[in-house]
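To start, the structure under review is shown below, and the notes come after it.
Just so you know, these numbers come straight off a predicted model, no measurement behind them. The analysis underlying the following values was restricted to heavy atoms, covering all of them including side chains, and did not include hydrogens, waters or symmetry mates.
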Amino acid sequence: MKQTRRSYLDFNATAPLRAEAREACVAAFELAGNPSSIHGEGRAARAVVEQARAAVGELAGVSPRGITFVASGTEAANLVLTPAIAGLRAPLKRLIVSAGEHSCVLKGHRFAPSMVETAPLRDDGRIDLDALAQAVARDDGPVMLALQGANNETGIIQPVAEAAALVHAAGGIVVCDVVQLAGRAPCTAGALGADFLILSAHKLGGPKGAGALVAASPEIGVAEPLLRGGGQERGLRAGTENVAAIAGFGAAARAAMAELADEPARLAKLREGLAAHIARAAPDAVIFGLGVARLSNTLCFAIPGIGAETLMIALDLAGVAVSSGAACSSGKVARSHVLDAMRVDPALGAGAIRLSLGWSSDETDVAHFGEAIAGLASRMRRGRRAA
């Protein structure tokens, strides 16, 4: 049977490419010069990179000089999660990561495993600030805290500013992964109280293959690069810049900023529609993160007794693209460490499905999901009665 419609509800994995970003990428592909060359062609390419740097700096609320372009948010995490931070009064003693961080942050990267500590989440999905305060107080030197702005699975927004105040009072620094927050809520370094931010272009509707490490102040910076070579990106990231991807990143950042005043409310209305369809189709469904601040575009839920893989496949066959609460690189469904950290019953957590909306989502996507989930729930109920 021919599939007549598909609805994409997986923006937290990646957003479709915005028209503005596509146009910027195509225009940049026409440039012949290397941005490090001093001739006219090189200067033209350099101008494109610097225009994008200014746009990403505006999104993050920092000077363009605070933006280091890299290939992904994961690379930015690899670069910044290091004891080698210049400008501190004393060497970093430890890296503290919240239990709900993205897997690329949980690895700890250039910190030795013995230097990495996990800060627990409360049952509501937010970092336990009391436990964090105790962890920070145990050391006689500064620590680095890695705390995401909003969780990629549940959409729960973390109290970054409050956590940063605790860490800064003890002379430490804060790295905030704002990959999911950017374009969906304010994410400036100043508002969050973060010393470094991590960004990714493709979550904003830019191209895959571009990210940024954001430094809030020129007084504190990464002392040792990961990639050594020609000294690009002020010595922090060697290798010829990906001009086309960076151009698309800048265009997506500008588009996201232009929408920020109205987009959260629009997405929240669509999310409410998704939740209503779930409640009608499966009254016993559980939505994770209710009662705390969440991204307006994200809804994570589970239907007791239904595995995530079963529901994902069924929705895909019905023309709706969704994710499980956590997906590993092989594409298989993995147990969610985030829901485990929230002490969600393992059987319920095994059924977690994430719906995430974005710039191209509309009411027809919500209605399509509603039809699909209603039909699936009806078939599942009939199957249970027959059993």
Side-chain angles (χ1 to χ4, degrees), residues 11-12 14-25 28 47-77 79-80 102 147-150 152 157-158 160-161 164 174-218 233-234 236-237 241-267 295-297 358-359:
F11 275 75
N12 286 10
T14 192
L17 191 65
R18 293 175 182 267
E20 302 95 325
R22 181 181 294 107
E23 291 169 7
C25 290
V48 170
V49 171
E50 296 312 316
Q51 289 165 7
R53 199 185 309 276
V56 175
E58 185 179 353
L59 176 69
V62 304
S63 163
R65 286 188 59 81
I67 304 300
T68 299
F69 286 122
V70 294
S72 63
T74 294
E75 186 186 337
L79 177 59
V80 73
H102 190 279
L147 178 62
Q148 61 193 174
N152 51 301
I157 295 173
Q158 293 292 340
V160 179
V174 175
V175 175
C176 185
D177 167 5
V178 294
V179 165
Q180 299 296 343
L181 202 62
R184 297 163 184 166
C187 67
T188 63
L192 293 168
D195 301 284
F196 295 96
L197 304 179
I198 294 171
L199 286 165
S200 180
H202 72 100
K203 302 300 174 76
L204 293 165
K208 302 172 184 69
L213 176 64
V214 179
S217 167
E233 295 298 297
R234 298 179 311 285
L236 281 179
R237 208 277 186 176
E241 293 92 342
N242 185 343
V243 178
I246 289 170
F249 191 177
R254 286 189 289 270
M257 284 187 288
E259 296 172 352
L260 193 54
D262 301 319
E263 188 71 346
R266 185 184 77 86
L267 294 177
L295 292 174
S296 60
N297 81 312
W359 66 267

Supply the atom-to-atom distance [X] [atom1] to [Y] [atom2], rounded to the nearest 0.5 angstrom.
{"X": "L199", "Y": "S72", "atom1": "CG", "atom2": "OG", "answer": "12.0 Å"}
{"X": "C187", "Y": "I198", "atom1": "SG", "atom2": "CD1", "answer": "12.5 Å"}
{"X": "R184", "Y": "L295", "atom1": "CZ", "atom2": "CG", "answer": "6.5 Å"}
{"X": "F11", "Y": "L267", "atom1": "CZ", "atom2": "CG", "answer": "8.5 Å"}
{"X": "D177", "Y": "S200", "atom1": "CG", "atom2": "OG", "answer": "9.0 Å"}

Using every non-hydrogen atom in the two residues, find where [X] and [Y] come nearest and quote the distance to one decimal.
{"X": "G193", "Y": "A164", "value": "O-CB, 3.3 Å"}
{"X": "R234", "Y": "G66", "value": "NH2-C, 4.4 Å"}
{"X": "L213", "Y": "V70", "value": "N-CG2, 4.4 Å"}
{"X": "V62", "Y": "A189", "value": "CG1-CB, 4.0 Å"}
{"X": "L181", "Y": "A150", "value": "CD1-CB, 4.0 Å"}
{"X": "V49", "Y": "F69", "value": "O-CE1, 3.8 Å"}

Note to self: Just to verify, what does Q148 make a side-chain hydrogen bond (donor to acceptor under 3.5 Å, both in side chains) with, not counting sequence neighbours?
What the structure shows: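 Expected list: N151.
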Next item on the list: Identify, with sequence neighbours excluded, every residue that meets side-chain hydrogen bond (donor to acceptor under 3.5 Å, both in side chains) alongside R18.
Entry: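 Counting only residues at least two positions away or on another chain, R18 forms a side-chain hydrogen bond (donor to acceptor under 3.5 Å, both in side chains) with E259.
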Notebook entry, point to check: With A71, which residues qualify under side-chain contact (heavy atoms from CB on, under 4.5 Å), at least two apart?
Noted result: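 If we apply the side-chain contact (heavy atoms from CB on, under 4.5 Å) test to A71, skipping adjacent residues, the hits are E75, R237.
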Next item on the list: Would you please name every residue forming a side-chain contact (heavy atoms from CB on, under 4.5 Å) with L236, sequence neighbours left out?
Entry: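 Partners of L236 by the side-chain contact (heavy atoms from CB on, under 4.5 Å) criterion, ordered by chain and then number, come out as T68, V222.
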Partners meeting salt bridge (charged side-chain N to carboxylate O under 4.0 Å, His left out) with [X] (sequence neighbours left out):
{"X": "R65", "answer": "none"}
{"X": "E20", "answer": "none"}
{"X": "R254", "answer": "none"}

Notebook entry, point to check: Is a side-chain donor or acceptor of W359 paired with a backbone partner of E263 at a separation under 3.5 angstrom?
Noted result: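 Checking the backbone N and O of E263 against the side chain of W359, no donor-acceptor pair under 3.5 Å is found.
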Would you be so kind as to tabulate the donor-acceptor pairs closer than 3.5 Å made by side chains of residues 50-59, with sequence neighbours excluded?
residue: E50; atom: OE1; partner: R53; partner atom: NE; Å: 2.9
residue: E50; atom: OE2; partner: R46; partner atom: NH1; Å: 2.9
residue: E50; atom: OE2; partner: R53; partner atom: NE; Å: 3.4
residue: E50; atom: OE2; partner: R53; partner atom: NH2; Å: 3.1
residue: R53; atom: NH1; partner: I67; partner atom: O; Å: 2.8
residue: R53; atom: NH1; partner: E233; partner atom: OE1; Å: 2.8
residue: R53; atom: NH2; partner: E233; partner atom: OE2; Å: 3.0

Next item on the list: Show the numbers, then the answer: is there a side-chain contact (heavy atoms from CB on, under 4.5 Å) between L197 and C176?
Entry: CA-CA 5 Å; L197 304 179; C176 185; 3.9 Å; yes
Side-chain polar contacts of residues 201-212 - donor-acceptor pairs under 3.5 angstrom, sequence neighbours left out - could you list them?
residue: H202; atom: ND1; partner: T14; partner atom: OG1; Å: 2.7
residue: K203; atom: NZ; partner: N12; partner atom: O; Å: 3.1

